[in-house]
Undergrad: 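Below is one structure. I have some questions about it.
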Amino acid sequence: MFWQKKIETMSRKEIEKLQLERLKWTVDYADQNVEFYHKKFKELGLSADKIKTLSDIQYFPYTTKDDLRDNYPYGLRAAKQKDIVRTHASSGTTGKPIVGLYTKNDLDNWADQVARLCVAVGITKHDVVQIAFGYGLFTGALGLHYGLEKIGCDVIPASSGNTARQIMLMQDLGVTALVATPSYAMYISEVAKDQGVKLDKLKIGLFGSEGSTPEFARRIEENFGSLRATDNYGLTELNGPGVAGECSCRTGLHFAEDHFLPEIIDSKTLEVKPRGEEGELVVTTLTKEGQPMIRYRTKDITRISYEPCPCGRTHARMEKVKGRSDDMLKIKGVNVFPSQIESVLVTFPQIGAHYQLIIRRDDKCRDTLEIKVELIDGSLLERYKELEDLQHQIREKLREVLRLDVKVSLVQPKSLERFEGKAKRIVDLRNA
Ligand code: DLL
């Protein structure tokens, strides 16, 4: 089943022709409308008419999350403010988010990109789909919502949390597909299992926004019974979900190549890697009007295959994301940067500068974060009331900044490991 069969099954030659046209348009549009790009291109003597083939994009400079942050909120906006019809945002290291800006055309294209990947895994207008992503600035919920609505599904905007109610709705409303992060889907499935509730009407899981191994996905499937877990990928900087998604073959995520031009680079040398090699995904938008991105460095590690897929789709397939080249953590769907944690910890004079972040997966398969931090005065460990108060204050402040509940453990002075080179503060015990 296809959403836009003609586009999804174009020959490689046709795809590349379309990409080249759109690439020239995007570069020219960014040059004309975004001072940030205009300045950079001018310095390097670059312009759209220098682009003769797709690989000429490699001469253009990268765009990074820092560029978005430094130009927050509107420095990379290309459309006029009166033409922006939606703004989303995702958290960043400094507390300032990065924003996603959409024109009416962007929203239409976005809904098509999402509809396409949902249809590719078998969603039809007869499906009843529960969205268990948090509605708000996050792109996940509204992104999936409008794509699914465009297909004609019955969309239930349940939002995240209140797991007992999620399960009740699924039973009562005959839900056939679930949108969630893989970890939340796992949690829902465990609770349902504990309650002895059978959710066997559920046939498709549209999971994304964080990585999950195929083994993890299989466990979700076992718990639910009849559900097939599928993976889709995207980021706020590139609309949100809809950049790539699995088809029913589940042998990679088809990249929406008519809207996005992918490259794989070496994160250290910044050189473009040969086709098929693993590296950091870099993406140039091809149709985006609100905030076009030229060679955006996603920091996500993957590889891209141009081999034909048995499903008949010709768009390249991206391997499941292996990890990030930077150290952003994603806990219960929330992006957490170590530097955000550090910025909170340093405001407490009672604690030292050394800390450790321990990530575990609890028995309900949710990721948890423990922050170990050293006390300046070890005798506080014997003064329980004071110790508890301090722990509570730190936790509250972290909750405010991260919007996440974390465990704080105050430990003896000088008890944490020291490093001579780069500190390794993250201890990931999820696969231990
Ligand atoms: O997570 C967009 C999204 C929402 C995608 C819902 C799919 C479903 P951000 O919050 O900006 O946007 O986070 C983007 O999350 O750079 C990846 O590191 C990670 N990520 C997103 N999808 C996947 C996935 C949304 N399927 C960052 N597998 C990205 C692994 C993913 N990582």
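Since this is a predicted model, take the numbers as computed values, not measurements. All residue numbers in this chain count up from 1 along the given sequence. Order of appearance sets the numbers: ligands from 1, and atoms from 1 within every ligand.
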Undergrad: For atom 25 (C) of ligand 1, find the nearest protein heavy atom and state the residue, atom name and distance (0.1 Å precision).
TA: Gly234 O, 3.6 Å
Undergrad: With a 6.0 Å cut-off on ring centres, are Tyr102 and His88 close enough?
TA: yes
Undergrad: Salt bridge check: are Glu221 and Arg218 linked by an N-O gap of less than 4.0 Å?
TA: yes
Undergrad: List every atom of ligand 1 that sits less than 4.0 Å from any heavy atom of Val321, numbering the atoms from 1 in the order shown and giving each element.
TA: 30 (C)
Undergrad: Taking heavy atoms and a distance under 4.0 Å, where does Leu235 meet ligand 1: side chain, backbone, both or neither?
TA: both
Undergrad: Mark up the atoms of ligand 1 that fall under 4.0 Å of a heavy atom belonging to Asn232, in ascending order.
TA: 7 (C), 8 (C), 22 (N), 24 (C), 26 (N)
Undergrad: Could you check whether Arg12 makes a cation-pi contact with Tyr306, meaning its NZ or CZ is under 6.0 Å from the centre of the six-membered ring and within 45° of the ring axis?
TA: no
Undergrad: So which heavy atom in the protein is nearest atom 11 (O) of ligand 1, and how far is it from that ligand atom?
TA: Thr236 OG1, 2.6 Å
Undergrad: Below 4.0 angstrom from a heavy atom of Lys330, which ligand 1 atoms are there? Numbered from 1 as shown, please.
TA: 1 (O), 10 (O), 13 (O), 15 (O)
Undergrad: Apply side chain to side chain contact (heavy atoms under 4.5 Å, CB included) to Ser267 and list each qualifying residue two or more places apart in sequence or on a separate chain.
TA: Glu280, Arg297, Ile301, Ser325
Undergrad: Aromatic rings Trp25 and Tyr29: how do their planes relate, parallel, tilted or perpendicular, breaks at 30° and 60°?
TA: parallel
Undergrad: Is any NZ, NE, NH1 or NH2 atom of the basic residue among Asp200 and Lys198 found under 4.0 Å from an Asp or Glu carboxylate oxygen of the other?
TA: no
Undergrad: Would you mind running through ligand 1 and noting each atom that sits below 4.0 Å from a heavy atom of Asp231?
TA: 24 (C), 26 (N)
Undergrad: Looking only at heavy atoms, is any part of Phe138 under 4.0 Å from ligand 1, and if so is it the side chain, the backbone, or both, or is it neither?
TA: side chain
Undergrad: State plainly whether the residues Asp112 and Arg116 are in salt-bridge range, i.e. N to O under 4.0 Å.
TA: no
Undergrad: Is the shortest distance from a heavy atom of Phe133 to ligand 1 less than 4.0 Å?
TA: yes
Undergrad: Of the protein's non-hydrogen atoms, which lies at the shortest distance from atom 16 (O) of ligand 1, and what is that distance?
TA: Asp300 OD2, 2.6 Å
Undergrad: Starting from atom 28 (N) of ligand 1, which protein heavy atom do you reach first, and at what distance in Å?
TA: Glu210 O, 3.3 Å
Undergrad: Among all the protein's non-hydrogen atoms, which is closest to atom 22 (N) of ligand 1, and how far away is it?
TA: Ser209 N, 3.1 Å
Undergrad: Between Asp56 and Lys50 (salt bridge meaning N to carboxylate O under 4.0 Å), is one present in this structure?
TA: no
Undergrad: Name all residues meeting the salt bridge (Lys or Arg N to Asp or Glu O under 4.0 Å) criterion together with Arg399; count only those two or more places apart in sequence or in a different chain, and write none if there are none.
TA: Glu396, Asp405
Undergrad: Distance under 4.0 Å to a non-hydrogen atom of Gly140: what atoms of ligand 1 satisfy this?
TA: 4 (C), 6 (C)
